[in-house]
2 protein chains.
Amino acid sequence: MTTGLRERKKLRTRRELGTAALDLAVRHGLAEVTVEQIAEAAEVSPRTFFNYFSSKEEAVVAAGVERARDLADRLAARPADEPVMTSLRVVVRESLGETAPPKEWVAQVRLVRANPALLPHQLAAHAQIEHSLRVVLAERTGLAPDDLHPALTAAAVMAAIRVATDRWLGSDEHDDLGDVIDEALDLLTTGLRHPSRAP
Amino acid sequence: MTTGLRERKKLRTRRELGTAALDLAVRHGLAEVTVEQIAEAAEVSPRTFFNYFSSKEEAVVAAGVERARDLADRLAARPADEPVMTSLRVVVRESLGETAPPKEWVAQVRLVRANPALLPHQLAAHAQIEHSLRVVLAERTGLAPDDLHPALTAAAVMAAIRVATDRWLGSDEHDDLGDVIDEALDLLTTGLRHPSRAP
DNA sequence: GCTGAACTTGCAGTATGTGTAGATTTGCAG
DNA sequence: CTGCAAATCTACACATACTGCAAGTTCAGC
């Protein structure tokens, strides 16, 4: 089952467009970048750009989606008898990178922070990832794919990652992101109980 | 502290534009509606529309934001010694309406379901509400406004509402929405533990 | 009433996004 | 290898979305 040339080429173009969009936006500011420039950087016609993405915002964020799709893949690869939350902690750690978070990803989340116009599309991207997670979780637990439990678990975990990342960015990336996320996941597993203010 | 005429007028225009956008989109389909039509329906120039919203999608979703802002207001009005989750359950029930969910709101979420292009903006709107909730929760618990706990609680609750609503829409609005949301909140407070499959 | 600030508006110009039709490339069977 | 069918890319045309600017117009406070 070798993926045909056609398919590979398409994927390559998509990636090309995504990274070009991100690169240009980081370098010159989102507002200064036009679709024409992105298309040119990816060596493709402007019309073709719109065959892949419906806006430059979507393209900028697309790279992140692909990165995060591997979260679901990794999750599916964990042993089925491992507690779900354990699996989730492991895969999140894994995809955060051994040493530091991938700098492409950091550039992206920083860009979103600086450009509120990107937020809607960032959140939509998260929703896609959330959906992938939900599907895997449903298989894993043997529940229906539209059951409340896998859906909410996926949503809550994505929320934890989002909130933790935001906090991490806000604190000038001083803490270890993995630790912050773990803390957030702890809160989830303890039912969001009010933490004692004197530990 | 009577709000000046100016301010009231502005709010009125904003509301006018939002409801006009929603109305037209429901009636004719989102794609068929132009900003010009929305502006005309609100008796305002197209240029003015863009002084309020940066796209028609944002306008369509704005009505929902305002409705949901009252969630935070209601929450702030609950007694401070009531357990947070209890307060949340109460205010969600309250704002769902005594008998049935407000039909304007239902129309809106249905529209988003039918038009994926609206999803990003819907999620951004949720993020705004989430922020309001977070602020109130922080005050309530006496924690810093950027603390992980209020932030994650707000995010998780919004996620619960979103997932529950989606499920409710998917099941042809047969169940009681309030019950579905309660179920989702239960999952949150029990730490998302895997529900026993034989109750 | 007068004055400054806030809001609205028209206009001009650029960028976004889509339908269509024809060229180009790829997959595949003969 | 050849040629056909389907997928993809591209150019062109066009409507709509959005923004900056320089007026008008309306409101708040003195």
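Labels below follow one simple rule: chain letters A, B, ... track the order of the sequence lines, proteins then strands, and each chain is numbered from 1. No hydrogens, no waters, no symmetry mates; every other heavy atom, side chains included, goes into these values. This is a predicted model, so every value here is computed, not measured.
Contact of the Gln122(B) side chain with the His126(B) side chain is registered, since non-hydrogen atoms from C-beta on lie closer than 4.5 Å.
Of the residues in residues 26-35 of chain B, none has a non-hydrogen atom less than 4.0 angstrom from any atom of DNA chain C.
Distance, Glu16(B) CD to dT8(C) P: 13 Å, rounded to whole Å. We find that NZ of Lys56(A) is positioned 15 Å from P of dT14(C), with the value rounded to whole Å. One atom, CG of Asn51(A), and another, P of dA11(D), lie 12 Å apart when rounded to the nearest Å. Put simply, CG on Leu17(B) is 15 Å from P on dC7(C), counting in whole angstrom units. When rounded to the nearest whole Å, the span between CZ of Arg12(A) and P of dT26(C) equals 11 Å. Distance, Glu43(A) CD to dT24(C) C1': 17 Å, rounded to whole Å. As rounded to whole Å, 11 Å separates atom P of dA11(D) from atom CD of Glu36(A). Atom CD in Glu40(B) sits about 13 Å away from atom P in dT9(C), given to the nearest Å.
OP1 and OP2 of dC7(C) both lie 4.0 Å or more from every side-chain N or O belonging to Tyr52(B). The phosphate of dT8(D) has OP1 or OP2 within less than 4.0 Å of a side-chain N or O from Lys10(A). Phosphate proximity of dT8(C) to Ser45(B): absent, as no side-chain N or O sits under 4.0 Å from OP1 or OP2.
For the 3.5 Å distance criterion, the side chains of Ser95(A) and Arg74(A) fail to qualify, holding no donor opposite an acceptor. A side-chain N or O of Ser87(A) and one of Arg140(A) form a donor-acceptor pair less than 3.5 Å apart. Looking at Glu82(A) and Thr86(A), their side chains never bring a donor and an acceptor atom within 3.5 Å of each other.
Each of Leu96(B), Asp186(B), Val157(B), Leu88(B) was scored for a side chain to side chain contact (heavy atoms under 4.5 Å, CB included) with Ile181(B), with one residue passing: Leu96(B).
Arg93(B) CZ: more than 12 foreign heavy atoms inside a 6.0 Å radius. In this structure, Glu173(B) places its CD atom where more than 12 heavy-atom neighbours from other residues, nucleotides or ligands lie under 6.0 Å away.
Residue Thr13(A) is the one, among Phe49(B) and Thr13(A), whose nearest nucleotide of DNA chain D lies closer to the 5' end (criterion: closest heavy atom).
Put simply, the side chain of Arg167(A) never gets that close to the backbone of Val180(A): no donor and acceptor are under 3.5 Å apart.
Ring orientation note: the planes of Trp168(B) and Trp105(B) are close to parallel, at an angle under 30° on the 30°/60° scale.
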Summarise protein proximity over nucleotides 19-30 of chain D in one line of letters, 5' to 3': B for base, S for sugar-phosphate only, - for none, counting protein heavy atoms closer than 4.0 Å. BBB----BBS--
